[in-house]
Amino acid sequence: MIKDNIKIIREGKIKKNKYIVYWMQAAQRVENNPALNYAIQKANEIEVPLFVFFNLTDNFPDANYRHYYFMLEGLKEVEEKLKNKDIKFIIKTGDVTKNITALSKKAVMLVTDRGYLKVIREWKKKIAELIDCRFLMVNTNTIVPVDIVSDKEEYAAYTIRKKVMNKIDRFIDVCNNNYKLENKSVELNFEGVKLDNIDKVINNLDIDISAKPSKFFTGGRSEAVKRLEYFMNNKLIKYEEYGSNPDQDCTSKLSPYLHFGQISPHYIYKRIKKSKIKADSFIEQLVVRRELSFNFIYYNKNYDNSLKNILPDWAYKSLMEHIEDKREFNYSLKDLENYETHDEYWNTAQKEMVLSGYMNGYMRMYWGKKILEWTNNPQKAFDIALYLNNKYLLDGRDPNGYTGVAWIFGKHDRAWKERKIFGKVRYMNKNGLDRKFNMDKYLKKVSKLG
DNA sequence: ATCGGCTCGCGCAA
DNA sequence: TGCGCGAAGCCGAT
């Protein structure tokens, strides 16, 4: 295990006690899970049993029926896979701080995976103050840990590219699979939530049910691997040319699985490399763009709220200089949410997201640029875009999502020719879509969704 | 169809 | 200090 891949959240002696707990949160998988591996190794070394714990929190910000359903499908697979390894898996509802604190009382140490969202980091900080055993986390969801890549918020992709690419080799092998637990019997005096019936589990949660589960995505690691193999065999070779093209279907669609940690980026990277297919532009997405997103939300605590503190000065200043510019169209959240604008391409993109939980990458840019154009205040536009993004996309509430929305407003981008509303922030329009793509084909594709 | 200019600032070469 | 260049562009000139 590589030292740099582990972070001690709370020091503390390793106590003589009943068990080790792996609190699974960001890495919802059994395979290629460095945190699980670490916990198993430690349990064997100290000669204690181990169990895996998952806290099913019903007040996770912006998470709704759609997200919970996909997540629980994935957790059901985790349950089966752990059972095959004779590792006990306990899911509990309720307050995460209380639950983890209670479990820690009999724990030799507490191991968790590394989530980067503010809400997760705050949970851990709070828990660290309440417990008295050792508490550490293992990096699982990026290949290179964000603070090893860089010690500051990066300006753009070109400033982070070298920093991350030349560290991949150091971390790529942390996710091996062949760890076996030796002490298997754990005595626990409580029962966890059963996952046999996902609908029943969801009915018992107090969550927003307005976004229904996606018919086009099934959660779980095996589904993710299936998609990866299909992508490699059929799409990867064309990815560089057609990957961003809305009239093609040329992407991996692995982002929801990566979001929930159902598949490891290390595994994807290795699998792609092993295929020997030239995949520079896919690796650019998987590694450079992805690590840039994590860098942004790790070093900028305003990632979900204040444009003033998110954007480079030139972009914020420029948008503000145009705040009084007349907007030709001005839509309410309801108009947008129900895809009722004058713009058929925009409506289609929004519809794709609402119906499927996914939106084509290029259309995500166009979609966001129009929200900026049609809203009388950039901050309001940012809030609306983030709200819709997080509500409907299965990969919403992800570092990539926050970064993608910020990009619309100039983050990680450069200045362009001055124009109305946008100022120097990059502009996009319908002509660009018509020029580059067969948009009728995209419209037809989405109309088939329902 | 293709191309240059637009415009800012980081990082690196010198 | 100067220079090259950057997530996916736009627009007008040729």
Side-chain angles (χ1 to χ4, degrees), chain A residues 149-166 235 238-252 255 279-297 299-300 307-308 310-322 325 328 343 345-346 349 352 358-373 385 389 395 398-439 442:
Chain A
V149 173
S150 169
D151 57 6
K152 63 165 198 274
E153 185 180 352
E154 290 292 333
Y155 189 78
Y158 72 89
T159 64
I160 203 175
R161 189 167 287 113
K162 262 188 291 181
K163 296 183 186 181
V164 56
M165 291 305 280
N166 65 26
K235 309 288 185 184
K238 297 183 285 185
Y239 182 81
E240 179 151 12
E241 195 174 353
Y242 296 116
S244 67
N245 191 324
D247 66 60
Q248 303 278 322
D249 204 4
C250 217
T251 58
S252 69
S255 53
D280 293 356
S281 47
F282 184 79
I283 298 293
E284 170 80 7
Q285 310 291 323
L286 179 72
V287 181
V288 178
R289 304 302 313 188
R290 199 157 172 274
E291 298 265 2
L292 179 63
S293 299
F294 282 79
N295 171 277
F296 167 50
I297 73 149
Y299 286 111
N300 191 325
L307 274 185
K308 188 178 194 309
I310 287 172
L311 298 181
D313 289 343
W314 67 264
Y316 187 73
K317 191 168 153 257
S318 191
L319 288 173
M320 287 308 121
E321 280 168 9
H322 290 270
D325 290 4
E328 197 182 342
D343 179 340
Y345 295 164
W346 192 94
E352 182 184 19
Y358 181 83
M359 192 199 295
N360 165 268
Y362 198 96
M363 293 310 292
R364 291 187 192 205
M365 296 190 285
Y366 178 79
W367 173 87
K369 290 291 184 187
K370 293 298 129 181
I371 296 177
L372 168 56
E373 188 177 338
N389 183 85
D395 58 30
D398 188 86
N400 281 310
Y402 291 108
T403 308
V405 172
W407 180 86
I408 301 297
F409 300 81
K411 185 74 182 173
H412 298 155
D413 205 2
R414 62 165 146 155
W416 298 90
K417 194 178 175 176
E418 180 80 23
R419 63 159 55 235
K420 277 189 178 172
I421 302 175
F422 286 78
K424 294 183 171 72
V425 171
R426 183 195 300 255
Y427 174 70
M428 288 174 82
N429 70 5
K430 196 171 170 301
N431 300 339
L433 295 175
D434 284 324
R435 195 166 56 239
K436 293 187 183 68
F437 311 120
N438 178 348
M439 289 304 287
Y442 176 63

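Chain identifiers are assigned alphabetically (A, B, ...) following the order of the sequence lines, protein sequences preceding nucleic acid strands; residue numbering begins at 1 within each chain. Keep in mind that what you see is a predicted model, and the values were worked out from it rather than measured.
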Quiz item: If you look at every strand shown and take non-hydrogen atoms under 4.0 Å, does A:K317 touch a base, only sugar-phosphate, or nothing?
Solution: nothing

Exercise. Round to a whole Å and report the spacing from CD of A:E418 to C1' of C:dC10.
Key: 14 Å

Quiz item: Reckon A:T159 touches a base, only the sugar-phosphate, or nothing at all at heavy-atom distances under 4.0 Å?
Solution: sugar-phosphate

Practice problem: With the side chain of A:N431 defined as its heavy atoms from C-beta on, choose the nearest nucleotide among B:dC8, C:dC11, C:dA7. | Solution: C:dC11

Quiz item: Quick one: is A:K162 getting a side-chain N or O under 4.0 Å of the B:dG11 phosphate, OP1 or OP2?
Solution: no

Self-check item: Closest non-hydrogen atom pair between A:P246 and A:M363, with its separation
Solution: CB-CG, 3.8 Å

Quiz item: Is A:K411 salt-bridged to A:E153, cutoff N-O under 4.0 Å?
Solution: yes

Self-check item: Trace of the salt bridge (charged side-chain N to carboxylate O under 4.0 Å, His left out) decision for A:E241 with A:K238
Solution: CA-CA 6 Å; A:E241 195 174 353; A:K238 297 183 285 185; over 6 Å; no

Self-check item: Length of the line joining A:R414:CZ and B:dT7:P, which is rounded to integer Å
Solution: 12 Å

Quiz item: Looking at B:dT7, B:dC12, B:dC10, which one has an atom nearest to any side-chain atom of A:Y155?
Solution: B:dC10

Exercise. Please report, rounded to the nearest Å, how far the C1' atom of B:dC8 is from the CG atom of A:L319.
Key: 14 Å

Quiz item: Among the nucleotides B:dC8, B:dG11, C:dG9, which one has an atom lying closest to any side-chain atom of A:K436?
Solution: C:dG9

Quiz item: Atom CH2 of A:W314 to atom C1' of B:dC6: distance rounded to whole Å?
Solution: 12 Å

Quiz item: Is there a donor-acceptor contact under 3.5 Å from the side chain of A:N295 to the main chain of A:E154?
Solution: yes

Quiz prompt | Option among A:E418, A:K424, A:R419 that satisfies the side chain to side chain donor-acceptor pair (under 3.5 Å) test with A:H322 | solution = A:E418

Quiz item: Can you tell me how far P in C:dT1 sits from the matching atom in B:dT7, rounded to whole Å?
Solution: 25 Å

Practice problem: Can you tell me the distance, in whole Å, between the NE2 atom of A:H412 and the P atom of C:dA8? | Solution: 14 Å

Exercise. Would you indicate which nucleotide in C:dA7, C:dC10, C:dG6 comes nearest to any side-chain atom of A:N429?
Key: C:dC10

Practice problem: Using distance alone, with no hydrogens and no angle criterion, decide if A:Y402 and A:N300 have a side-chain donor and acceptor under 3.5 Å apart. | Solution: no

Quiz item: When we call it a touch if two heavy atoms are under 4.0 Å apart, what does A:M365 touch: a base, just sugar-phosphate, or nothing?
Solution: base

Practice problem: First locate atom CZ of A:F409, then atom NZ of A:K369, and finally report the distance between them rounded to the nearest 0.5 Å. | Solution: 8.5 Å

Quiz item: Is a side-chain N or O of A:W346 found less than 3.5 angstrom from the main chain of A:W367, in a donor-acceptor match?
Solution: yes

Exercise. Between C:dA7, B:dG11, C:dG9, spot the one nearest the side chain of A:Y362, thanks.
Key: C:dG9

Quiz item: Does A:K411 make a side-chain N or O approach to OP1 or OP2 of B:dC8 shorter than 4.0 Å?
Solution: no

Exercise. Please measure how far the P atom in C:dC10 lies from the corresponding atom in B:dG9, and state the result in whole Å.
Key: 23 Å

Quiz item: To the nearest Å, how far apart are A:W416 CH2 and B:dG5 C1'?
Solution: 10 Å

Practice problem: Ignoring backbone atoms, test whether A:R435 places a side-chain nitrogen or oxygen under 4.0 Å from the OP1 or OP2 oxygen of C:dC10. | Solution: yes

Quiz item: Just how far, in rounded Å, is P of B:dG9 from CG of A:L311?
Solution: 13 Å

Quiz item: Taking the side chain of A:Y427 as its heavy atoms from C-beta onward, which of B:dG9, B:dC8, C:dC10 lies nearest to it?
Solution: C:dC10

Self-check item: Whole-Å gap separating P (B:dG9) and CD (A:E153)
Solution: 15 Å

Self-check item: Dot-bracket notation for DNA chain B, counting Watson-Crick and G-U pairs under 3.5 Å, with | for partners on another strand
Solution: ||||||.||||||.

Quiz item: Taking A:N166 for the side chain and A:K162 for the main chain, is one N or O donor matched with an acceptor at less than 3.5 Å?
Solution: yes

Quiz item: Rounding to the closest angstrom, what is the interatomic distance between B:dG4 and C:dC5 at atom P?
Solution: 14 Å

Quiz item: Touch check for A:Q285, heavy atoms < 4.0 angstrom, all strands: base, sugar-phosphate only, or nothing?
Solution: base

Self-check item: Side chain of A:K424 (C-beta onward), nearest among B:dC8, C:dA7, C:dA8
Solution: B:dC8

Quiz item: Looking across every strand, which nucleic acid part, if any, lies under 4.0 Å from A:R419 by heavy atom: base, sugar-phosphate, or nothing?
Solution: sugar-phosphate

Quiz item: Across the strands shown, which category fits A:A157 at heavy-atom distances under 4.0 angstrom: base, sugar-phosphate, nothing?
Solution: sugar-phosphate

Self-check item: Sugar-phosphate only, base, or nothing, as touched by A:R161 at under 4.0 Å among non-hydrogen atoms
Solution: sugar-phosphate

